[in-house]
Undergrad: 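Pasting in a structure now, in structure tokens, and then I'll have a few things to ask.
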Amino acid sequence: MLNMYGTALQSRLMLGTSQYPSPASLAESVKTSNTQIVTVSLRRESGDSLAGQHFWQMIQSLNVHVLPNTAGCHTVKEAVTTAHMAREVFKTDWIKLEVIGEQDTLQPDVYALVDAARLLVQDGFKVFPYCTEDLSVAGKLLDVGCEVLMPWGAPIGSGRGLNNPYGLRTLRAHFPDVPLVIDAGIGLPSHAAQAMELGYDMILLNTAVAKAGDPAKMAGAFAQAIEAGRSAYEAGPIEKRDMAEPSTPVLGKAYLV
């Protein structure tokens, strides 16, 4: 069973909560996916309609763990301030830490990410950092107290899958005991299965489910793919070969003369 900051989890799927066509669609997708964790963005203003409060009440009714994020933050100060606000609003010390460094790709600013993670860990947060597959960055995040890493597969919302399987495989091998979550870029259930076959522990999805023609059905498809990929990893896949190897032994084969 997977463990994240002392919380035992059966599901290996996290689900984002933005961009769904309706609250009902979001709720159905969460239930179909069997996820135990959803990510939420802090709503700084609710407006006259109190939409933020209604959304939060709906999320609470789903009976899942809430992982607030610092989406849209570009500086250490902004990310840390947002995390403190989220802890007060959502009553949790979990935080998915995002510090964006490049606008077109939404690539993390890894320098600011490490600085922000250090400050938040010192203040009692359990940090889930959105990072790249860079080994040195991963090591620094662990050094400042992060116990989970969330490397991207591809740019957020791109649906490209795993842009750098070699780098992700290397990260898994280098940190065999650290929970690793692929965050961003997954577009198809086959992408998720590939990540799980590499030995990753969880997948975080949002756009691929929320913008699907049938979000709930897609959420279910991803849940099955993630389970299949994990089972394949645990079963021990065969190694790739450059040449063919007959599946039927030729020893003892009869020859006509």
Side-chain angles (χ1 to χ4, degrees), residues 2 4 7 9-73 82-83 85-92 94-98 100 106 128 130 148 150 152-161 181-193 195-196 202-227:
L2 182 60
M4 294 278 188
T7 298
L9 300 167
Q10 292 184 325
S11 173
R12 293 180 179 269
L13 169 61
M14 295 186 193
L15 206 59
T17 56
S18 66
Q19 305 184 82
Y20 288 82
S22 68
S25 175
L26 166 59
E28 186 179 3
S29 298
V30 169
K31 293 176 182 177
T32 303
S33 71
N34 292 318
T35 184
Q36 294 173 271
I37 301 175
V38 298
T39 63
V40 295
S41 297
L42 178 66
R43 294 172 180 257
R44 299 180 181 178
E45 295 183 66
S46 297
D48 295 336
S49 65
L50 300 179
Q53 283 89 330
H54 295 319
F55 171 80
W56 178 222
Q57 290 170 4
M58 187 271 288
I59 292 297
Q60 288 177 305
S61 72
L62 297 174
N63 193 31
V64 291
H65 297 285
V66 172
L67 176 60
N69 64 43
T70 62
C73 293
T82 301
M85 294 170 66
R87 181 162 65 179
E88 182 176 346
V89 170
F90 298 113
K91 310 300 181 187
T92 178
W94 282 15
I95 192 73
K96 182 195 167 194
L97 179 60
E98 298 181 30
I100 301 302
L106 299 180
F128 295 69
Y130 165 58
V148 176
M150 302 183 73
W152 66 347
I156 294 171
S158 67
R160 294 179 57 85
V181 182
I182 291 292
D183 176 12
I186 297 296
L188 294 169
S190 57
H191 298 158
M196 300 304 290
M202 292 191 82
I203 305 291
L204 172 56
L205 301 168
N206 193 162
T207 306
V209 171
K211 289 193 171 182
D214 186 332
K217 190 170 186 178
M218 185 62 79
F222 269 107
Q224 294 176 58
I226 289 170
E227 183 176 347

Undergrad: Please tell me if the side chains of Met4 and Gln36 come closer than 4.5 Å, counting only heavy atoms from C-beta onward.
TA: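 Not in contact.
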Undergrad: What's the shortest heavy-atom distance between Asn34 and Ser11, and which atoms?
TA: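 Minimum heavy-atom separation between Asn34 and Ser11: O-CB, 3.2 Å.
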Undergrad: Using modelled atom types only, decide if a donor and an acceptor are shared between the side chain of Thr35 and the backbone of Leu13 within a distance under 3.5 Å.
TA: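 The answer is yes, because a donor-acceptor pair under 3.5 Å joins these two groups.
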Undergrad: Does the plane of the ring in Phe90 sit parallel, tilted or perpendicular to the ring in Trp56? Use 30° and 60° as the thresholds.
TA: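 It falls in the perpendicular class, over 60°.
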Undergrad: Identify the two heavy atoms, one from Pro21 and one from Pro215, that lie closest to each other, and give their separation to 0.1 Å.
TA: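 Heavy atoms only, the tightest pair is CD-CG, 4.1 Å.
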Undergrad: Using side chain to side chain contact (heavy atoms under 4.5 Å, CB included) as the criterion, point out the one residue from Met202, His191, Arg12 that pairs with Met196.
TA: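 Going through the options one by one, the only one that passes is Arg12.
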Undergrad: What is the minimum heavy-atom distance between Met58 and Pro23, and which atoms define it?
TA: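 Closest heavy-atom pair between Met58 and Pro23: CE-O, 4.1 Å.
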Undergrad: Looking at CD1 of Ile59 and OG1 of Thr17, how far apart are the two atoms once the value is rounded to the nearest 0.5 Å?
TA: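 These two atoms lie 5.0 Å from each other.
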Undergrad: Looking at Leu15 and Ser33, what are the two nearest heavy atoms and their distance?
TA: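 Minimum heavy-atom separation between Leu15 and Ser33: CD2-OG, 3.9 Å.
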Undergrad: Less than 4.5 Å apart, side chain to side chain, heavy atoms only: is that true for Tyr130 and Ile156?
TA: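 Contact flag for Tyr130/Ile156 side chains = yes.
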Undergrad: Tell me, do Leu26 and Phe55 make a side-chain contact under 4.5 Å, heavy atoms counted?
TA: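 Leu26 reaches Phe55 side chain to side chain.
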Undergrad: Should Asn206 and Tyr20 be marked as a side chain to side chain contact (heavy atoms under 4.5 Å, CB included) after you check the CA-CA gap, both sets of side-chain angles, and the distance that decides it?
TA: CA-CA 9 Å; Asn206 193 162; Tyr20 288 82; 4.0 Å; yes
Undergrad: Report yes if some heavy atom in the side chain of Met218 is under 4.5 Å from a heavy atom in the side chain of Leu205; otherwise report no.
TA: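 No; the side chains remain at least 4.5 Å from each other.
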Undergrad: Return the minimal non-hydrogen interatomic distance between Ile95 and Ala86, and the atom names on each side.
TA: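 Residues Ile95 and Ala86, closest heavy atoms: CD1-CB, 4.2 Å.
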Undergrad: Work out which heavy atom in Ser158 is nearest to a heavy atom in Gly185; give both atom names and the distance.
TA: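 The answer is OG-CA, 3.9 Å.
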Undergrad: Would you find a donor on one side and an acceptor on the other, under 3.5 Å apart, between the side chain of Asn69 and the backbone of Glu98?
TA: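 No, the answer is negative, given that no donor and acceptor are paired below the 3.5 Å cut-off.
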Undergrad: Any heavy-atom pair between the side chains of Phe128 and Val181 that's under 4.5 Å?
TA: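 Counting from C-beta outward, Val181 and Phe128 never come under 4.5 Å.
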Undergrad: Can you find a pair of side-chain heavy atoms, one from Leu62 and one from Lys31, that are under 4.5 Å apart?
TA: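 Result yes, sub-4.5 Å side-chain heavy-atom pair found.
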Undergrad: To the nearest 0.5 Å, how far apart are CE in Met150 and CD1 in Ile182?
TA: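 Spacing of CE (Met150) from CD1 (Ile182) equals 9.5 Å.
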